[in-house]
Enquirer: 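One structure is given below, represented as C-alpha cells, and several questions about it will come after.
So you know, we letter chains A, B, ... as the sequences are listed, proteins then strands, and number each from 1.
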Protein chains: 2
Amino acid sequence: MSANSKQQIIEAAGIVFERYGFKKTTMDDIAYAAGKGKSSLYYYFKNKEEVFEAVVAHEARQLVAEINKAIDASNSAVNKLRSYVNIRMKRFVQRGNLATALNDNFLATFAFIEKIQNNYRDFEVEMIAGIINEGIEKREFKPVDANFTAEAILTCMIGFEVPLLTKTKTTEESVKKINNVIDMFFYGICT
Amino acid sequence: MSANSKQQIIEAAGIVFERYGFKKTTMDDIAYAAGKGKSSLYYYFKNKEEVFEAVVAHEARQLVAEINKAIDASNSAVNKLRSYVNIRMKRFVQRGNLATALNDNFLATFAFIEKIQNNYRDFEVEMIAGIINEGIEKREFKPVDANFTAEAILTCMIGFEVPLLTKTKTTEESVKKINNVIDMFFYGICT
DNA sequence: GTACATTTGGAACAAAATCGTCGAATAAAG
DNA sequence: CTTTATTCGACGATTTTGTTCCAAATGTAC
C-alpha cells in the first residue's frame, strides 16, 4: 500500500471534487486526474465515499495546521479566537469540498457532511476550550466553563455555515456577521 | 412560444453550464435551475446542444454590447483596439461557457466550440477592420489592408485562447502576453 | 534466476442516470 | 366553449458509472 500513490489520488480527487462536487465527480474523473486506471482506485479505497472522506480528512488536517499556525502567531486569547474563526470560515467557503459537495438533496448531503465533521467536533471543542482557558488564566476572560462556552461558540459557528451551504453568499458578509456574534461573546466574557 | 420563458431557461442554463461545463450539465439540472419540468425544455429547444448554443449566442450578444460600449468610450483607434482585446480575453476566461465547456475529449469540444464561434468570426473581423480603418483615416495607422490585418489579429487572438482552454492559467498573464503581441502589431502599423 | 507480495489496468456487469418522446393535464386566448 | 399555448409525469432506449474480477506487470527479497 504505497502511501505515495494514495496521497496522489487524494490530492487529485480533491481538485476534481472541488470543481464538480461529490455527485458529479466520477471515479473515472478521479482516476484520470490521478493518472491511474479506474480500478486502481479500488486498491486504495473501498468506494467513492471513502475517497471523499479521505479528501475531507486531508483538508481537515491542513486546516488544523493552518489554524495552529495562526493561533501561535496571535498573542492575546481574544485574537487567537478571532483568527480561529476567520480561518475556519474562509476555508469552509473557499477550498471546502464540504461546501461544494451539495448537489441534489440538500438535507441528505448535509447529513453526509455532518457525519464526517462530527469526528472533528471534539477536536475543535478542545481547541477552542484551550484558547478560552488561556484567556481565563491571562485574566482576559471571566472564569466561565471553558468547555461549555467552546461548545456554544462552535455550535454558533456551525449555524453560520448553513446559509453558506445553501446560498452562495460572499464570505465577507458572513465573516462580518459572525464577528459581530463573536464580539458579543467577548463583551459577555471579557473582564 | 413565450420569449420570457425561453430567456429564463437560457439564463438558468448559462449559470449551470458555467458551473459544470457542457458534459456534466444534465437537462434536469437546467430544468431545476429554471424552475421547470425537464420535458418543458424540449418545448423550446430541440436538444441539449441547442440550449448550449442559445446560451453562447446570448453571451456573445452581451459581449458585443460590452465591447461596443468600451470602444465608444475610447478616443484613439489604438485604445479602441486595446479595449477590444482586453474585454474579449477577460470575458473568454471569466464568464465563458466556451471555456468551461471542455471536459473530456479536448479536440472534440474544441471543434464544437469552433463551429459555434465561426458564426461570429465575420462579425469580429468586420469590427476590428472598422477600428483599423478609422485608425488609418486618423493617420494613426499606416494604410494597410484593414481586412487582412483584422484577420491576422483575430487569428492571433484565437491562438492565445487555446492555452486558456487547456490550462487554467491566470487571465493577467495571458492578457500581458497578448498585449505584447498587440504592441508588436502597433509598432508595425503606426505611422 | 525463482518465489512472493504489491500494484496496475482491461474486461465485464449490474445498477443508476440521462436523453429525448408521448400523451395527458393545465392555463391562456379567442 | 373551442382552440391554442405551455407544462409536466412517466416511460423506453441508450449511455454512464460504480464496483468486481482476474490476469498482467512491477517490484523485492532471496
Enquirer: To the nearest Å, how far apart are A:Leu41 CG and C:dG9 C1'?
Expert: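 After rounding, the reported distance stands at 11 Å.
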Enquirer: For A:Ser39, check side chain to side chain donor-acceptor pair (under 3.5 Å) against everything at least two apart and list the hits.
Expert: none
Enquirer: CG of A:Asn4 versus P of D:dG27: gap in Å, rounded?
Expert: 14 Å
Enquirer: Within the distance-only criterion (no hydrogens, no angle test), does the side chain of B:Lys69 pair as donor or acceptor with the backbone N or O of B:Val64 below 3.5 angstrom?
Expert: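 Checked: no pair found.
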Enquirer: Examine A:Phe52 together with A:Phe17 and report whether their ring centres are nearer than 6.0 Å.
Expert: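 Between A:Phe52 and A:Phe17, the centre distance is under 6.0 Å.
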Enquirer: Check the phosphate of C:dG9 against A:Ser40, side-chain N and O only, distance under 4.0 Å to OP1 or OP2. Yes or no?
Expert: yes
Enquirer: In whole Å, what is the span from the CD1 atom of A:Ile30 to the P atom of D:dT17?
Expert: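 To the nearest whole Å, that distance equals 12 Å.
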Enquirer: Mind checking A:Phe45 for me? I need base, sugar-phosphate or nothing, with any heavy atom below 4.0 Å counting as a touch.
Expert: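 Nothing: the residue A:Phe45, judged by heavy atoms under 4.0 Å, touches no strand.
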Enquirer: Does NZ or CZ of A:Lys6 come closer than 6.0 Å to the centre of the six-membered ring of A:Phe45, within 45° of the ring's axis?
Expert: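 Satisfied, under 6.0 Å and within 45°.
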Enquirer: For residues 125-135 of chain B, dump all side-chain donor-acceptor pairs below 3.5 Å to protein atoms at least two apart in sequence or in another chain.
Expert:
unit_1   : atom_1 : unit_2   : atom_2 : d
B:Glu134 : OE1    : B:Lys80  : NZ     : 3.2
B:Glu134 : OE2    : B:Lys80  : NZ     : 3.2
B:Glu134 : OE2    : B:Lys138 : NZ     : 3.2

Enquirer: Is there a side-chain contact between B:Asn79 and B:Asn75, using heavy atoms and a 4.5 Å cut-off?
Expert: yes
Enquirer: Pairs under 3.5 angstrom, nitrogen or oxygen only, protein versus nucleotides 23-26 of chain D, please.
Expert:
none

Enquirer: Which parts of nucleotides 18-27 of chain C does protein reach within less than 4.0 Å, heavy atoms only, written one letter per nucleotide 5' to 3' as B for base, S for sugar-phosphate only and - for none?
Expert: SBBBB-----
Enquirer: Are OP1 or OP2 of D:dC8 and a side-chain N or O of B:Tyr43 less than 4.0 angstrom apart?
Expert: no
Enquirer: Please enumerate all residues that pass side-chain contact (heavy atoms from CB on, under 4.5 Å) together with A:Tyr42, with sequence neighbours excluded.
Expert: A:Met27
Enquirer: In whole angstrom, what separates A:Phe22's CZ from C:dA17's C1'?
Expert: 15 Å
Enquirer: A:Lys38: which residues meet the side chain to side chain donor-acceptor pair (under 3.5 Å) condition with it, sequence neighbours left out?
Expert: none
